[in-house]
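Written out below as C-alpha cells is the structure these notes cover.
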Amino acid sequence: EVQLVESGGDSVQAGGSLKLSCTVSGAIDASYSFGWFRQAPGREREGVTSTYTRDGSKYYADSVKGRFTISLNNAKTTLYLQMNSLKPEDTAMYYCAAGRWVASHLQTIEYNNWGQGTQVTVSS
C-alpha cells in the first residue's frame, strides 16, 4: 500500500527536543490515518500519537500530551513528530505507521504499514 521511512532519531539529554520525520510514498486517500509508536526493550509497543487524514484530527497518549506534536504536510508526503521536554522514559525505538479505516487510533493492531524504526535515547 504505502512505504514509510523514519529518520531523525538521536541521543539527547533530558529536557531536550528532537524532531522525527517519516517519508510517505504511495497512494494516500482520506481513509488513511498515520501514527507514531514506540517500543522499549522488554516492553509492548505502544501508541504515542496519530492523525486522521480526512479531518486532521489528532490523538495523543496521556504520557506525551503537551510535550509531543504530530503533523502531516499538505501533500501527505511527510509525517513529523516534534518531541519537547524529553524524559528518560521516552527512550525507545520509534516507528511511524499507516492504516486505513482506523477505529482506535493508538492501537498497534489498527495499522498495517510500518517504517523500519529510528532510535531515540534520552539520558539524565
Side-chain angles (χ1 to χ4, degrees):
E1 293 181 3
V2 301
Q3 296 78 48
L4 308 170
V5 180
E6 305 97 329
S7 62
D10 206 349
S11 296
V12 63
Q13 293 184 359
S17 298
L18 281 175
K19 189 172 186 177
L20 307 183
S21 298
C22 175
T23 299
V24 180
S25 60
I28 303 299
D29 60 41
S31 71
Y32 276 88
S33 291
F34 295 90
W36 288 96
F37 297 77
R38 66 188 183 187
Q39 187 168 24
R43 299 193 62 185
E44 296 288 320
R45 187 170 299 186
E46 63 176 348
V48 176
T49 179
S50 65
T51 185
Y52 185 28
T53 300
R54 185 173 183 85
D55 61 8
S57 58
K58 299 174 181 179
Y59 308 85
Y60 294 93
D62 289 341
S63 60
V64 306
K65 195 172 298 181
R67 299 189 298 121
F68 290 10
T69 304
I70 189 171
S71 60
L72 180 67
N73 70 346
N74 290 336
K76 312 297 190 295
T77 54
T78 310
L79 182 75
Y80 300 98
L81 180 63
Q82 178 66 52
M83 304 184 292
N84 298 325
S85 301
L86 283 161
K87 305 174 181 179
E89 65 200 69
D90 296 317
T91 295
M93 184 73 72
Y94 283 71
Y95 301 87
C96 60
R100 300 186 71 194
W101 312 114
V102 167
S104 185
H105 275 81
L106 298 182
Q107 293 296 312
T108 304
I109 194 68
E110 298 277 359
Y111 297 82
N112 63 344
N113 290 276
W114 294 86
Q116 83 287 354
T118 186
Q119 179 67 39
V120 173
T121 302
V122 184
S123 62
S124 60

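Judged by distance alone, the side chain of T78 and the main-chain N or O of C22 form no donor-acceptor pair under 3.5 Å. At least one donor-acceptor pair closer than 3.5 Å links the side chain of K76 to the backbone N or O of N74. Of the possible donor and acceptor atoms, one in the side chain of E6 sits under 3.5 Å from a partner among the backbone N and O of Q116.
With a 4.5 Å cut-off on side-chain heavy atoms, P88 and S124 count as touching. Using a 4.5 Å heavy-atom cutoff, the side chains of V5 and Q3 are not in contact.
If you take CD on Q13 and OG1 on T121, they are separated by 13.0 Å, rounding to the nearest 0.5 Å. The structure places OG of S50 at 7.0 Å from OH of Y59, a figure rounded to the nearest 0.5 Å. With values rounded to the nearest 0.5 angstrom, T118 atom OG1 is found 14.0 Å from R38 atom CZ. Taken from NE2 in H105 to OG in S57, the straight-line distance is 5.5 Å, to the nearest 0.5 Å. Separating the OG atom in S63 from the CD atom in E89 is a distance of 7.5 Å, to the nearest 0.5 Å. The distance from atom OH of Y111 to atom CD1 of I109, rounded to the nearest 0.5 Å, is 12.0 Å.
Nearest heavy-atom pair, S17 versus Q82, reported as atom, atom and distance to 0.1 Å: CB-NE2, 4.0 Å. Across all their heavy atoms, Y52 and S33 have their closest contact at CD1-OG, 3.3 Å.
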Between W114 and T108, is a side-chain contact (heavy atoms from CB on, under 4.5 Å) present by the stated rule, with each step listed?
CA-CA 10 Å; W114 294 86; T108 304; 3.4 Å; yes
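In the hydrophobic clustering, where aliphatic and aromatic side chains (Ile, Leu, Val, Met, Phe, Trp, Tyr) are joined below 4.5 Å either directly or transitively, F34 groups with V2, L4, V12, L18, L20, V24, I28, Y32, W36, V48, Y60, V64, F68, I70, L72, L79, L81, M83, L86, Y94, V120, V122.
Residues passing the salt bridge (Lys or Arg N to Asp or Glu O under 4.0 Å) test with R67, sequence neighbours excluded: D90. Listed by chain and number, the residues in a salt bridge (Lys or Arg N to Asp or Glu O under 4.0 Å) with R100 are D29 (sequence neighbours excluded).
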